[in-house]
Amino acid sequence: MSNFLTLDDVDRGHLEGLLDQATEFLEVLDRPIPKVPALRGKTVAMLFFEPSTRTKMSFDRAAKALSADTMAFSPSGSSLSKGESLKDTTLTILAMGPHAFVVRHKATGAPWQIAEWSGIPTVNAGDGAHQHPTQGLLDALTLRQRFGSLDGLRIALVGDLRHSRVARSDIAAFTTLGAQVTLVAPRTLQPTDVDGWPVATAGELDPLLPDLDAVYLLRIQEERGGGEDFPSVSEYVARFGLTAARAARLPDHAVVLHPGPMNRGVEIAPSVADGPRSLVTTQVRNGVAVRMAVLFELLGGSDA
Ligand code: ASP
């Protein structure tokens, strides 16, 4: 693997291998000194052109746990405001000698461009509404840990699926690993390109609740126009919000996931977000381990 840009072309064996590697790295993260020398001497440059709390810090933590150095670019205060192009920005940072790029951008395909211009291993940390492959990995790891396998798991992805890169990567990961995925949203928030995907769609959440193993909630992507695709937040909550009453109708073993940032009181009630079914903080912890696995694979860690 020379880049990690999408989960669409990652087969089951490769996916399981990355999850196995991440599971080993979870053990490293539990050690008193949570660090291994695998990527000593390597430098990872992080280009986040869109806001991020979890993903950016998680890649930073992952790189450092492998003893790599990191360089962070932040668009505000950079020469982007002086009109520097994405290509010139990339080539400028490349000249400082990083061994890999981690890229988040609002434009679909930007990480592919950066991979091509730079010729060094590039990881997609979220491109527009397209892909967020390490999120798909960490979500799959979180479900595999809980259930042993995703084979036959019944998972509902609920919310702004149309504008969600998380949904696209999760669908690829979950279905490749054998889960049955239902996309639950008002028609205006369903993806327009869903035909041919190995998923079911539903316009109501309530009838599905008693048969689900996992509910995955997605934020309305206001920054991508998601807020204009339904009449009002209160109507949305009334039909699709995971309230305490709805969560109580799930089977006892069912779990709740969310990629963050959560809009409490909209797609998820605070009591559900903080309740016993919630795997939100487990997802965050697993995120560090899967990003370690991806960086390790890309940067030749196996030779170290
Ligand atoms: N943090 C996730 C992403 O970057 C989910 C979200 O923003 O709603 O796509």
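For ligands, and for the atoms within them, numbers begin at 1 and follow the listed sequence.
- At distances below 3.5 Å, not a single donor-acceptor pair connects side-chain atoms of Arg285 with backbone N or O atoms of Thr281.
- His163 meets the ring-ring contact (aromatic ring centres under 6.0 Å, His included) test with no other residue; sequence neighbours excluded.
- Salt bridge absent: Arg146 and Asp213 never bring a charged side-chain N and a carboxylate O closer than 4.0 Å.
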*asked:* One pair to check against side chain to side chain donor-acceptor pair (under 3.5 Å): Asp139 and Gln283. What are the steps and the verdict?
replied: CA-CA 6 Å; Asp139 292 331; Gln283 289 172 268; 2.8 Å; yes
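- For Pro121, the side chain to side chain contact (heavy atoms under 4.5 Å, CB included) partners at least two apart in sequence or on another chain are Ala100, Leu298, Leu299.
- Legend: residues meeting side chain to side chain contact (heavy atoms under 4.5 Å, CB included) with Gln190, ordered by chain and number and at least two apart, are Leu161, Leu183, Ala185, Thr201.
- Near ligand 1, residues Arg104, His132, Arg165, Val166, Arg219, Gln221, Pro259, Gly260, Pro261 come within 4.0 angstrom through at least one heavy atom.
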